[in-house]
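Encoded as structure tokens, the structure appears first; notes follow it.
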Amino acid sequence: KNRDYKWEVEYMHWCPDGVDGVVISINGQFPGPTIRAIVGDTIFVHLTNNLHTEGLVIHWHGISQIGTPWADGTALISQCPINPGETFLYKFKVDKAGTYFYHGHYGMQRSAGLYGSLIVEVPKDEKEPFHYDEELNLLLSDWWHKSYHDQQIDLSSKPFRWIGEPQTLLMNGRGQFNCSIAAQFSKLHIPQCKLRGDEQYAPQIFKVHPNKTYRLRVASTTALASLNLAIEGHKMMVVEADGNYIQPFFVENMDIYSGESYSILFKTDQNPSNNYWISISVRGREPKTPQGLTILNYIPNFASKIPNSPPPLPPLWNDYNYSKTFSNKIFGLMGLSSRPPTRQNRRILLLNTQNRIEGYTRWSINNISLVFPTTPYLGSIKYGINNAFDTKSPPNTFSKNYNIMKPPPNPNSTYGNRVYMLKFNTTIDIILQNANALGENVSEIHPWHLHGHNFWVLGYGDGKFDHKKDVDKFNLKNPPLRNSVVIFPYGWTAIRFVANNPGVWAFHCHIEPHLHLGMGVVFAEGVHLVKNVPNEALNCGLTRKMFVKDKNK
Ligand SMILES: O=C1O[C@H]([C@@H](O)CO)C(O)=C1O
């Protein structure tokens, strides 16, 4: 089935947390409209840019874009930014059931609220490996009172100004800054929210019937925050990660990093005369942002009935062992999940460091801080335009002697836009190596996201990756397939994927300011096999000139 959408993107006054602000809206909505489709459908989004003075793209996070790499929505990788006033047609097939989302992928427009949910259902006659009665959807994000333009300027300034922690955590675009819906339980002097329910910042109440099984789809499109999600008094069974079935397991609460999505099942088996909290709390960074809250409302109780107990207490923000325990519980579903090839053809080690370039603060991978060229790679590689970017190979690894426990001894780095050219259909291992940032004793969480592929998570480890010992510990039996994975402070994460999707694909930290500061790399594979790239996707930089010349011939 074809699903056709007409989307107009524009700035809009909105009040996501009780403080007046401005969001990037789609068809007057924030978050943008939810796309619901069935496996095999083709999605057509006619996207009109009404931002007047800036470009725009939308990335369909988790969709592989097989045969349509030009529709991946990554500015200057897969396409030119869509100019103000112009309409671009995204056309792609959704080939895998799951919980996904979409978001801006140009500058920091995601931080401005350019996002929404994308849900792909199994065909009616197909069964999923679990049962549920009804479904709920929860899109998580974080919100700043400073405009995203100001944030970009802060990050790109000399001296660097960090954007700091978000003011508010949002659930389906709603949060509360100046009041709390749980004030009576709080020791802070924050007033109880007086809400009618129709305010833009009133929490979206999750209405449930007693004694049923619910599937909660949850995705995080935060610009920065790692989160811990809990449903007071309800055990959660985790069954899906990034659109892939996993071996079900039970938890009291779960971590979710930016770029990840999950499905969890829970039973409404608690005392039906009460309502319960649904909470999200910051993990991995010293929280300066209040917990995000809404109500699980057992019908027929009033939605305004405050739960009997305080909101769930999250694990300590820096209890990384707690987070690792959760990540290490995720396995592919035996029998249903694919297994990785047993051998890799190429192993790439990527060291992330915080650096300085001429006084600017940046992030680098193997000492190169990513900046995008002015011609999208997809066009310059397909048409062999060699002066569009630095065609030297980026480094396959980093110095053996690098001490990941200390700030970089020589913090100077360089800008670069090189591409890892992957041989088509080969198996690639990536070892993501975390390290100390510029400050002493600082190493942060970085959730990495790969475009165009799912990868198997072969393992996590502490300290520096050791070829001799750590390779033997890789899980090749039942590793989970994912499109996003976290690296823990001072640790490494190993993934494996097959470079079998012709196109050019970003692989980057999903913390938006970190990508903005250079924390990413670009992969290209089988680009000569890419067909039917619409001219509009490449109507900028050196490819624009090429099309103009063609027309004159
Ligand atoms: O990129 C970052 O910069 C700051 C800090 O390292 C420097 O102020 C921070 O917490 C980040 O995640």
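Quick caveat, the model's predicted, so the values are computed rather than measured. We count ligands from 1, going down the list as the structure has it; atoms in each ligand are counted the same way. What you see below is based on every heavy atom in this structure, not just the backbone, and it leaves out hydrogens, waters and symmetry mates.
- Once rounded to the nearest 0.5 Å, the distance linking CG of Leu350 with OG of Ser364 reads 12.0 Å.
- What sits closest to atom 10 (O) of ligand 1 on the protein, heavy atoms only, is Arg285 NH2, 2.6 Å.
- The aromatic rings of His149 and Tyr11 are tilted relative to each other, their planes meeting at an angle between 30° and 60°.
- Nearest heavy atoms, Arg110 versus Thr222: NH1-O, 2.5 Å.
- For the pair Lys158 and Tyr360, the cation-pi criterion (under 6.0 Å, within 45° of the ring axis) is fulfilled.
- Here the protein heavy atom with the shortest distance to atom 5 (C) of ligand 1 is Gln354 NE2, 3.9 Å.
- Under the side chain to side chain contact (heavy atoms under 4.5 Å, CB included) rule, His508 has a single partner from Leu515, Ile365, Leu450, which is Leu515.
- Close approach of ligand 1 to Phe160 (heavy-atom distance below 4.0 Å) involves ligand atoms 3 (O), 7 (C), 8 (O).
- Ranking protein heavy atoms by distance to atom 9 (C) of ligand 1, first place goes to Glu444 OE2, 3.3 Å.
- Distances below 4.0 Å separate heavy atoms of His514 from the following atoms of ligand 1: 1 (O), 2 (C), 11 (C), 12 (O).
- The shortest contact between atom 4 (C) of ligand 1 and any protein heavy atom is with Trp162 CD2, 3.5 Å.
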